[in-house]
A.B. asks: 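One structure follows; several queries about it will come next.
Just so you know, these numbers use all the heavy atoms, side chains as well, and skip hydrogens, waters and symmetry mates.
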Amino acid sequence: MKPLLLIISLLWAILPGKAQTTRVLFIGNSYTGANNLPEMTRQLALSLGDTLVVQSSTPGGFTFQGHTTNATTQTLIAQGNWDHVVLQEQSQVPSFPPAQVAVDCLPYAAALVDAIRGPSPCAETVFYMTWGRENGDAQNCATWPPVCSYDGMQQRLRDSYLQMAMDNSAECAPVGVAWKRVREEYPGIQLYATDGSHPSVAGTYLVACTMYSTFFRRSSAGASFNSSLDASTAATLQAMASAVVLDSMAVWNIGINWPVAQPDHSVLNGGEVAFSENSINTTNHFWNLGDGTTSTASSFTHTYSDNGTFEVNYQATDSCGRTSTSTFIVEVFSTTIGEHLSIPFRVIGGPEQMLIRNEAGEGILTLFDERGRVLRELELGVRAEKQIPWPAERVIVWRFVTHKGLRASGTCVRP
């Protein structure tokens, strides 16, 4: 019988790197400019070992529409080579009725994203979800009741910012959601400035922590930079922001443009396995097959010349150099009738059932088809004699491993 392959486990992970140097452009208005959010984010990141280079365009009251023609904003976008570009709309516009948002906001959000991706094709656009005003939007309450309360305004902001992220294959920094959780769970922390709209220092620090976790996909907990806050308050805001981002990254579209490694395989005869991939956002491939062999092909076949267990590592890379890795184990074993019967264990085929005779001790009997797929596993006791019905397959490959590591293997053919 030719060698067979058994894939026995699969583990995958996307692992963003540790310390990084990152260029970030902030585009917004006074909500971004208050307490110098870009600089606060830079100092927070630096205290965690990450270097940010930040620039910003934050004229007061500006909308996305205004930024599409603002000379400073457009010049900064055109510089290119940004890793992240943060977009913050005027604080009320995304909370307006959906039909109005569709006219006054969404087209200009898309125009800014398109402008960013020209000179910075690898940049992640991050929509900065803001928060409802402390007591709702009194200015627009009479004509649009949903914004009469903080909760109603916050829900509309959440919906609109997520729509912008989804529509543009962009990420969303869920500041408004973190803000809501702090309001509910730590009401003693004052996030608002005295106007009930702009952020206090604590509010801006919460934004900075949320931005850090969005950019790096890591917690900001343990950052030594506290701005002017006491250590306890800073630690609370770090924890809340990190939890909101990292517990629901798929909800916020974080990583939407990153590669996702999705290798596949098919066991063939003669010790061969066919490798292929269905990866997402991937341009390059690297396989380490665990026996000293590598490949950069998208799909290929490989023959393992020796029996044993091999760890296969597949790395998917996109055109921006971002990577995703998947690792799985292959076990190659060879078995034929009469081979590897050095311990007192036998499998005897009959017309309707297989007879198992075990004098080797307690262990696990595994039945495979000819392609190495597991059909059944049985726990056998000492001196067991057991009859089991045939599976659908006529030819069965079996392997018995005692709890002490002794092995026997062979094939059984139905008469």
Side-chain angles (χ1 to χ4, degrees), residues 1-15 259-318 323-343 345-347 349 354 363-378 390-402 405-414:
M1 189 68 129
K2 295 181 179 179
L4 299 169
L5 287 171
L6 174 65
I7 308 296
I8 62 174
S9 68
L10 172 65
L11 172 66
W12 73 272
I14 298 177
L15 299 172
V260 179
Q262 295 184 167
D264 199 359
H265 61 274
S266 179
V267 177
L268 307 174
N269 293 324
E272 282 190 312
V273 62
F275 292 101
S276 61
E277 54 79 27
N278 299 297
S279 300
I280 300 171
N281 300 329
T282 301
T283 56
N284 296 291
H285 316 276
F286 182 80
W287 304 77
N288 185 329
L289 302 181
D291 63 348
T293 304
T294 62
S295 176
T296 57
S298 172
S299 61
F300 59 97
T301 60
H302 176 68
T303 302
Y304 288 89
S305 59
D306 297 317
N307 294 337
T309 298
F310 302 92
E311 182 177 273
V312 177
N313 180 277
Y314 166 69
Q315 185 175 85
T317 305
D318 69 5
T323 63
S324 172
T325 300
S326 178
T327 301
F328 55 93
I329 300 296
V330 298
E331 183 180 352
V332 181
F333 66 95
S334 175
T335 180
T336 61
I337 298 174
E339 286 187 348
H340 306 301
L341 302 178
S342 58
I343 60 175
F345 186 93
R346 297 292 183 272
V347 177
M354 290 184 290
I364 302 292
L365 173 66
T366 307
L367 305 181
F368 308 92
D369 66 14
E370 289 186 284
R371 296 184 62 191
R373 294 174 296 190
V374 175
L375 301 174
R376 188 175 179 184
E377 285 191 343
L378 300 166
W390 275 95
E393 288 75 7
R394 179 173 178 270
V395 179
I396 300 300
V397 180
W398 58 266
R399 181 180 61 191
F400 179 68
V401 182
T402 73
L406 301 176
R407 292 171 174 251
S409 60
T411 58
C412 193
V413 181
R414 187 171 187 171

A.B. asks: Rounded to the nearest 0.5 Å, what separates atom CD in E377 from atom CG in L365?
C.D. replies: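 One finds 9.0 Å between CD of E377 and CG of L365.
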A.B. asks: To the nearest 0.5 angstrom, please state how far the CZ atom of R346 sits from the CH2 atom of W398.
C.D. replies: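 Here the rounded value is 7.5 Å.
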A.B. asks: Could you check whether any side-chain heavy atom of L367 comes within less than 4.5 Å of a side-chain heavy atom of E393, counting everything from C-beta outward?
C.D. replies: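 In short, these two side chains do not touch, never coming nearer than 4.5 Å.
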A.B. asks: Do you know which two heavy atoms are closest between N313 and T327, and how far apart they sit?
C.D. replies: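 That would be ND2-OG1, 3.1 Å.
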A.B. asks: In chain order, what residues pass the ring-ring contact (aromatic ring centres under 6.0 Å, His included) check against F286, with sequence neighbours excluded?
C.D. replies: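 F286 satisfies ring-ring contact (aromatic ring centres under 6.0 Å, His included) with no other residue.
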A.B. asks: Name all residues meeting the side chain to side chain donor-acceptor pair (under 3.5 Å) criterion together with S298; count only those two or more places apart in sequence or in a different chain, and write none if there are none.
C.D. replies: E277
A.B. asks: How many angstroms lie between CH2 in W390 and CG in L375, if you round to the nearest 0.5 Å?
C.D. replies: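 Here the rounded value is 11.0 Å.
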A.B. asks: Are H285 and T296 side-chain neighbours, meaning at least one heavy-atom pair lies under 4.5 Å?
C.D. replies: no
A.B. asks: A261 and S324: which non-hydrogen atoms are nearest, and at how many Å?
C.D. replies: N-OG, 3.0 Å
A.B. asks: Looking only at non-hydrogen atoms, find the nearest pair between F310 and L289 and report the distance.
C.D. replies: CB-O, 3.8 Å
A.B. asks: Rounded to the nearest 0.5 Å, how far does CD1 of I396 lie from SG of C412?
C.D. replies: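 Output value for this atom pair is 8.0 Å.
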A.B. asks: Might you point out which heavy atoms bring P259 and T282 nearest each other, and give the distance in Å?
C.D. replies: CB-OG1, 3.8 Å
A.B. asks: Would you please classify the geometry between the F275 ring and the Y304 ring as parallel, tilted or perpendicular, with 30° and 60° separating the classes?
C.D. replies: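 Ring orientation, 0 to 90° scale: perpendicular.
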A.B. asks: In terms of ring plane angle, is the pair F300 and W287 parallel, tilted or perpendicular, where the classes change at 30° and 60°?
C.D. replies: perpendicular
A.B. asks: Please report the closest heavy-atom contact between T323 and T317, naming both atoms and the distance.
C.D. replies: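 For T323 and T317, the tightest heavy-atom pair comes out as CG2-OG1, 3.4 Å.
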A.B. asks: Provide the closest heavy-atom pair for S295 versus A297 in the form atom of the first, atom of the second, distance.
C.D. replies: OG-N, 3.1 Å
A.B. asks: Just by distance, with hydrogens left out, do T294 and N288 show a side-chain donor and acceptor under 3.5 Å apart?
C.D. replies: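 Side-chain D/A pair, T294 to N288: absent.
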A.B. asks: Mind checking whether Q315 and S279 have side chains closer than 4.5 Å, heavy atoms only?
C.D. replies: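 Contact flag for Q315/S279 side chains = no.
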